[in-house]
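As a basis for the values below, the full set of heavy atoms in this structure was taken, side chains included, without hydrogen atoms, waters or symmetry mates. Chain A is the first sequence line, chain B the second, and so forth, proteins listed ahead of strands; every chain is numbered from 1.
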Protein chains: 2
Amino acid sequence: MTKEILKLDNQICFPLYAATREMTKLYRPLLTELNITYPQYLVLLVLWETDRISVKALGEKLYLDSGTLTPMLKRMEENGLIKRTRLKEDERVVEVTLTEQGKQAEAQAEKIPLKFLEQTNLNEEEFIQLKRILMKMLDEA
Amino acid sequence: MTKEILKLDNQICFPLYAATREMTKLYRPLLTELNITYPQYLVLLVLWETDRISVKALGEKLYLDSGTLTPMLKRMEENGLIKRTRLKEDERVVEVTLTEQGKQAEAQAEKIPLKFLEQTNLNEEEFIQLKRILMKMLDEA
DNA sequence: TACTATTAAATTGTACACAATTTAATTATC
DNA sequence: GATAATTAAATTGTGTACAATTTAATAGTA
């Protein structure tokens, strides 16, 4: 007899894991139009706000390390969305900036959040609660 | 000026994505003792309950396809946790079962859920709310 | 100033995750 | 009963994730 605590239905982290992947599935068709993935979309969200950012600072914002970011940013550079430049003042640092194409993608992306929301079955109250709890989880991370 | 709707802080899916990865980071040291990953842990949770299951049914439970499961199950088989057997009655189907070692791992795993909970900063009410909302998201998937 | 410590990216290697296709077996239909 | 359609896994190829290590540059210190 399996302990109740080890049953799949009693896990909290499994729905978290599954819902995240279902969520990115909803985004995927919207992002394919821009020829980007979900993590790449997050990088663009940051750059549309900040214009330029180091790989390290970007990693702190997105909870990703250079092992993930370096190859991903190289792909985005190849696709003409961003530029990677080593800083003159400190050659250890690589700064990421948007290309013209990367800047223009923002206009195209404007409709994504609403299109995503249309596909979900959560109401506003649930979104607020969900976000509050997830942010609290991330607080200690 | 970036539209408010495109700011990272205003996204709901980013905290979902980030919290999931932070959650698996908490699990990782607990699972390394058993020499398994988080998705492999989910497979074991299912098998501890059901004894035998087809790859297809497993995929439906975990929201994963054969492209992910086949290589993962092969690794688990190599590590001696499970066995993969083609059904005599229908040779298309591969059934997954636990080995002795896989069964015995359950005893070791019993302390994982509690150890995980100790590391989080959410209270019971928040866990209940979080789970309810995530399950609703998964309903439509 | 040499030497050490620290820091930021990049690299290496392993493991998901998933779209798209292929393979092999079974079922449905004529 | 032969053929077409469907089904279940496996395969192929691309893109994250992340631990661990390496490389190169800067900062700190005797």
Side-chain angles (χ1 to χ4, degrees), chain A residues 14 17-29 31-32 34-44 53-79 81-82 84-96 141, chain B residues 14 17-29 31-32 34-44 53-79 81-82 84-96 141:
Chain A
F14 169 61
Y17 161 84
T20 297
R21 285 184 301 113
E22 292 307 312
M23 170 280 282
T24 56
K25 264 179 208 153
L26 293 181
Y27 267 102
R28 203 163 293 128
L31 298 175
T32 318
L34 285 168
N35 195 29
I36 56 175
T37 64
Y38 185 72
Q40 292 177 14
Y41 175 61
L42 295 179
V43 170
L44 290 182
I53 190 169
S54 70
V55 171
K56 179 181 166 56
L58 187 58
E60 279 163 2
K61 266 189 192 294
L62 303 182
Y63 301 83
L64 292 170
D65 68 7
S66 68
T68 301
L69 285 173
T70 298
M72 187 171 111
L73 295 171
K74 280 183 181 173
R75 280 188 287 275
M76 294 178 78
E77 189 171 39
E78 276 170 28
N79 293 338
L81 290 167
I82 61 159
R84 297 156 63 248
T85 328
R86 252 177 216 282
L87 275 197
K88 280 272 164 53
E89 311 87 273
D90 186 342
E91 296 262 356
R92 290 173 302 184
V93 177
V94 168
E95 226 176 37
V96 184
Chain B
F14 168 61
Y17 160 83
T20 297
R21 285 184 298 112
E22 292 307 312
M23 170 279 283
T24 55
K25 264 176 208 156
L26 293 182
Y27 268 101
R28 203 162 294 127
L31 298 176
T32 317
L34 284 169
N35 194 28
I36 57 175
T37 64
Y38 185 71
Q40 292 178 14
Y41 174 62
L42 295 178
V43 170
L44 290 182
I53 191 169
S54 70
V55 172
K56 181 181 164 59
L58 187 59
E60 279 163 3
K61 266 190 193 294
L62 302 182
Y63 300 83
L64 292 170
D65 68 8
S66 68
T68 301
L69 285 173
T70 297
M72 188 171 108
L73 295 171
K74 281 183 182 172
R75 279 187 289 272
M76 294 179 77
E77 190 171 36
E78 277 171 27
N79 293 338
L81 290 166
I82 62 159
R84 295 156 65 248
T85 327
R86 252 178 217 280
L87 274 197
K88 279 269 164 54
E89 312 88 272
D90 187 341
E91 295 262 359
R92 288 171 304 182
V93 176
V94 168
E95 227 176 34
V96 184

(message) Students often get this wrong, so: under 4.0 angstrom with heavy atoms, is A:Thr37 touching a base, only sugar-phosphate, or nothing?
(response) sugar-phosphate
Atom CD of B:Glu78 and atom P of C:dA15 are separated, to the nearest Å, by 9 Å
Testing D:dT6, C:dA15, D:dG15 for proximity to the side chain of B:Gln40, the answer is C:dA15
Applying side chain to side chain donor-acceptor pair (under 3.5 Å) to A:Lys61 and not counting sequence neighbours gives none
Winner on side-chain proximity to A:Lys56, out of D:dA19, D:dT7, C:dA8, is C:dA8
Rounded to whole Å, NZ of A:Lys88 lies from P of D:dA25 at a distance of 14 Å
A:Arg86 atom CZ is separated from D:dT23 atom P, nearest whole Å, by 14 Å
Closest of D:dA9, D:dC18, C:dA15 to the B:Ser54 side chain is D:dA9
Rounded to whole Å, the CG-P distance (B:Asp90 to D:dT7) equals 12 Å
task = Indicate, with a heavy-atom threshold strictly under 4.0 Å, whether B:Leu69 touches base, sugar-phosphate, or nothing.
result = nothing
B:Met72 atom CE is separated from D:dA17 atom P, nearest whole Å, by 17 Å
Ranking C:dA17, D:dA19, C:dA10 by distance to the side chain of A:Arg21, first place goes to C:dA17
So does A:Ser66 get a side-chain nitrogen or oxygen closer than 4.0 Å to the phosphate oxygens (OP1/OP2) of C:dA9? no
Sequence neighbours excluded, the answer for side chain to side chain contact (heavy atoms under 4.5 Å, CB included) partners of B:Asp65 is B:Thr68
Between A:Arg28 and A:Lys74, whichever has its closest DNA chain C nucleotide further toward 5' is A:Lys74
It should be established whether A:Tyr38 places a side-chain nitrogen or oxygen under 4.0 Å from OP1 or OP2 of nucleotide D:dG15.
no
